[in-house]
Number of protein chains: 2
Amino acid sequence: MAALEHDRSRLGRSSTAERVADILRERIIEGLFVPGERLSEEAIGSALGVSRNTLREAFRLLGHERLLDHKLNRGVFVRVLSAADVADLYRMRRVLEGAAVRRCAEASPEALRLIGETVEEAERSASDDRWQDVGTANSRFHQALVALNQSPRLDETMRQLLAELRLVFHAMRNPRSLHEPFVERNRLLLGLLEARRAEDAATYLEIYLDDAERLLLQAYEPAG
Amino acid sequence: MAALEHDRSRLGRSSTAERVADILRERIIEGLFVPGERLSEEAIGSALGVSRNTLREAFRLLGHERLLDHKLNRGVFVRVLSAADVADLYRMRRVLEGAAVRRCAEASPEALRLIGETVEEAERSASDDRWQDVGTANSRFHQALVALNQSPRLDETMRQLLAELRLVFHAMRNPRSLHEPFVERNRLLLGLLEARRAEDAATYLEIYLDDAERLLLQAYEPAG
DNA sequence: TCTTGTCGAATTGTTGAACGATCCTTAGAT
DNA sequence: ATCTAAGGATCGTTCAACAATTCGACAAGA
C-alpha cells in the first residue's frame with residue numbers, strides 16, 4: 001500500500017497543456033525542431049489539434065525550462081545557446097556533480113549500481129557505433145551522479161540542465177568525437193566512487209568537465 | 001553601440017501574464033497569501049482585471065517556480081512545504097553555497113563588498129528589532145554568497161530556492177529566534193571569505209546550515 | 001544608391017463566452 | 001452511522017473576435 005504512494009505523483013499529471021509540453025519537449029530534445037526555429041501557434045496548434053490557449057500554456061512551461069525562447073509579440077523560438085550559456089551550464093555541472101561525487105562515501109549500493117548500468121549501456125552503444133545512444137547513456141550517467149546528492153530538487157535541476165545541453169549536442173555534426181572519449185572515463189570515475197575515494201573522484205571530475213567543455217566549445221558555434 | 005546590447009534583455013519583458021505573475025509572487029513571498037490557501041481564478045482574475053486565460057498563464061509560471069501547487073480540476077493553492085521539502089531545500093543550499101564559498105579565492109573585491117553590505121544591513125535591522133528585515137537581509141546574504149559561483153543559472157536557482165523558503169518563514173510566529181543567531185555568523189563567515197580561507201569557510205557553513213535547518217524544523221509543522 | 005516613411009499582411013496578446021468534466025458538499029436512503 | 005446520489009461550484013478547453021505589434025515591401029526623398 002505504501003508502494004502506491006510513490007506513483008501518486010504520476011496520477012495528477014494530465015492536462016492537455018502538460019501533455020503537449022511533453023511532446024514538444026521530446027521533439028526539441030531529439031532535434032526535430034532546430035534551435036532558432038520559430039514555433040507557430042497556428043501551425044502547431046492545428047497540427048496537434050489543440051487550441052491556441054492550451055498551446056500557449058505549453059509554451060510557457062517550456063519557456064520556463066529554457067528550451068523555448070518567448071519573444072513578446074514575435075512568438076516562441078527554439079532556444080539558441082550562446083557560448084556563454086554553454087560555459088554557464090558547465091559551471092553549474094561542476095557544482096552539482098562535484099558535490100555529488102564528494103558524497104560517494106554515503107552512497108547506497110543501489111545508487112552505485114544504477115550508475116554502473118549507465119556505464120555499461122554507454123559501452124555497449126559505443127561498441128555498436130551508436131553514438132547518439134552513447135550520448136543518451138552519458139546523460140543518464142551524469143543524472144545518476146547527481147542523484148548521489150539525494151535531493152529531488154537537484155535531480156530536477158540536473159534534468160533541465162541536460163535537456164538544455166541537448167540543444168547544443170544536436171547542433172553538432174560529429175557526435176562520436178564528442179562522446180567517445182568519455183565512455184572510458186565514466187568507467188574510471190565509477191571505480192573511484194566504488195572505492196569511496198571522494199577527493200580523487202572530485203579532482204578527476206573537474207578535469208573531465210574541463211575537457212568536455214573545451215571539446216564542446218571548440219566544435220560549437222551558435223547557429224544564429 | 002555595444003553597450004545597448006546589455007539593455008536588450010529589458011526590452012522584451014512585459015506581458016500581462018508576466019506582470020500578473022510578478023504581483024502574485026510578491027504577495028505570496030510577503031505572506032499575504034498563506035500556504036494552503038486556494039487562489040480562485042474567478043476572484044483573482046476579476047480583482048486584477050485580467051481574463052481567466054491570462055491569469056492561468058501566470059499561474060503556470062508560479063507553479064513551475066514551486067510557489068503554487070496546481071491540482072488538476074481543483075485549482076491552484078499556495079504551496080505547503082513538508083518537512084521533507086525543507087530538508088531538501090537545505091541539502092540544496094549546502095551544495096550551492098558550499099561550492100560558492102570554496103571559490104572565495106577567486107572572488108572579486110566587488111563580490112565580497114556586496115556580501116558585506118548585506119551583513120551590515122542585517123546588523124542594522126537587528127539592532128532596530130526589525131526581524132522581518134533581518135530575514136530579508138539574510139536572504140540577500142546567501143544570494144550574494146551563491147553569486148560567487150559566477151553562474152547566472154545558479155543565481156536564478158538560488159532565487160527560487162529562497163522564495164520557497166519564505167513560505168516556511170512566514171508560517172512561523174517568532175521570526176526573531178529564527179534569524180537572530182545568524183547575524184553574527186554572517187559577519188564571521190564574511191571574515192573567513194575575506195581571508196580566503198576556503199576550507200574553513202566551507203566547514204563553518206556546514207555547521208551554519210545544519211543549525212539553521214534544525215532550528216527551522218523544530219519550530220515548523222506544516223499547516224496542512 | 002541609400003535612407004526614411006508608410007502601408008498592409010501575418011502573427012501574437014488578450015478577452016469573453018460557452019460547454020463538458022471533475023470535484024466537493026449535502027441531502028436522502030439504507 | 002455509512003453509503004449513495006443529486007446539485008452546485010470550479011476547472012479544463014475550445015472558439016471566435018479584436019487590438020497591438022512586428023515584419024517586409026514599396027514608394028518618396030536626399
Side-chain angles (χ1 to χ4, degrees), chain A residues 4 7-25 28 33-34 36-64 66-80 224, chain B residues 1 4-5 7-25 28 33-64 66-80 223-224:
Chain A
L4 286 181
D7 296 335
R8 227 173 76 177
S9 55
R10 257 185 294 176
L11 250 192
R13 309 189 101 228
S14 72
S15 79
T16 307
E18 274 166 14
R19 262 171 293 147
V20 169
D22 288 342
I23 293 175
L24 294 180
R25 186 185 304 110
I28 294 170
F33 294 130
V34 301
E37 182 176 351
R38 175 169 150 270
L39 270 43
S40 158
E41 294 185 354
E42 159 70 22
I44 295 186
S46 68
L48 259 50
V50 298
S51 77
R52 275 181 63 212
N53 284 318
T54 299
L55 185 61
R56 286 163 63 79
E57 290 204 356
F59 281 167
R60 289 276 175 194
L61 287 191
L62 297 173
H64 210 268
R66 298 187 216 261
L67 293 183
L68 293 182
D69 200 354
H70 194 136
K71 300 183 180 177
L72 194 61
N73 285 317
R74 292 189 33 199
V76 296
F77 301 78
V78 179
R79 187 86 190 285
V80 178
Chain B
M1 184 62 73
L4 286 182
E5 196 81 2
D7 295 336
R8 229 173 73 175
S9 55
R10 256 186 298 176
L11 254 190
R13 308 187 100 234
S14 74
S15 80
T16 307
E18 274 166 18
R19 262 170 294 146
V20 169
D22 289 341
I23 292 175
L24 294 180
R25 188 186 302 110
I28 294 170
F33 293 130
V34 301
E37 181 176 352
R38 175 168 149 270
L39 301 184
S40 157
E41 294 186 352
E42 161 70 22
I44 295 185
S46 68
L48 258 50
V50 297
S51 77
R52 273 181 65 210
N53 283 318
T54 300
L55 185 59
R56 286 165 61 80
E57 290 205 355
F59 281 166
R60 288 279 175 191
L61 249 343
L62 297 173
H64 213 267
R66 298 187 218 261
L67 292 183
L68 292 183
D69 199 353
H70 194 136
K71 301 183 179 177
L72 194 62
N73 285 316
R74 294 191 33 204
V76 296
F77 301 78
V78 179
R79 187 84 191 284
V80 178

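Quick note on labels: first sequence line is chain A, next is B, and so on, each numbered from 1. The basis for the numbers below is simple: all heavy atoms, side chains too, and nothing from hydrogens, waters or symmetry mates.
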Between [atom2] of [N] and [atom1] of [X], the distance in whole Å:
X	N	atom1	atom2	value
B:Arg60	D:dT13	CZ	P	7 Å
A:Glu18	D:dT13	CD	C1'	14 Å
B:Glu57	C:dT12	CD	P	13 Å
A:Leu39	C:dT12	CG	C1'	14 Å
B:Arg52	C:dA17	CZ	P	12 Å
B:Ile44	D:dC11	CD1	C1'	14 Å
B:Arg56	C:dG16	CZ	C1'	15 Å
A:Glu42	D:dA16	CD	C1'	13 Å

Between [options], spot the one nearest the side chain of [X], thanks.
X	options	answer
B:Glu41	C:dG13, C:dT15, D:dG12	D:dG12
B:Asn53	C:dT14, D:dT13, C:dG13	D:dT13
B:Thr54	C:dT12, D:dT10, C:dT14	C:dT14
A:Thr16	C:dT22, C:dT12, D:dT13	D:dT13
B:Leu72	D:dG12, C:dT14, C:dT15	D:dG12
B:Ser51	D:dT21, C:dT15, C:dT12	C:dT15
B:Asn73	C:dC23, D:dT13, C:dT14	C:dC23

Applied to residues 66-76 of chain B, the salt bridge (Lys or Arg N to Asp or Glu O under 4.0 Å) test, sequence neighbours excluded, yields B:Arg66-B:Glu164
### Task
Mind checking A:Gly45 for me? I need base, sugar-phosphate or nothing, with any heavy atom below 4.0 Å counting as a touch.
nothing
Any side-chain heavy-atom pair from B:Leu24 and B:Ile44 closer than 4.5 angstrom? yes
- Decide yes or no for B:His70 and B:His64: does some side-chain heavy atom of the first lie under 4.5 Å from some side-chain heavy atom of the second? no
Of all heavy-atom pairs linking A:Val78 and A:Leu68, the shortest is CA-CD2, 3.9 Å
At less than 3.5 Å, do the side-chain atoms of A:Arg74 and the base atoms of C:dG13 form a donor-acceptor pair? no
Phosphate-side-chain proximity, A:His70 and C:dT12, N/O vs OP1/OP2 below 4.0 Å: no
field: Short N-O contact, B:Arg25 and B:Asp22, less than 4.0 angstrom
entry: yes
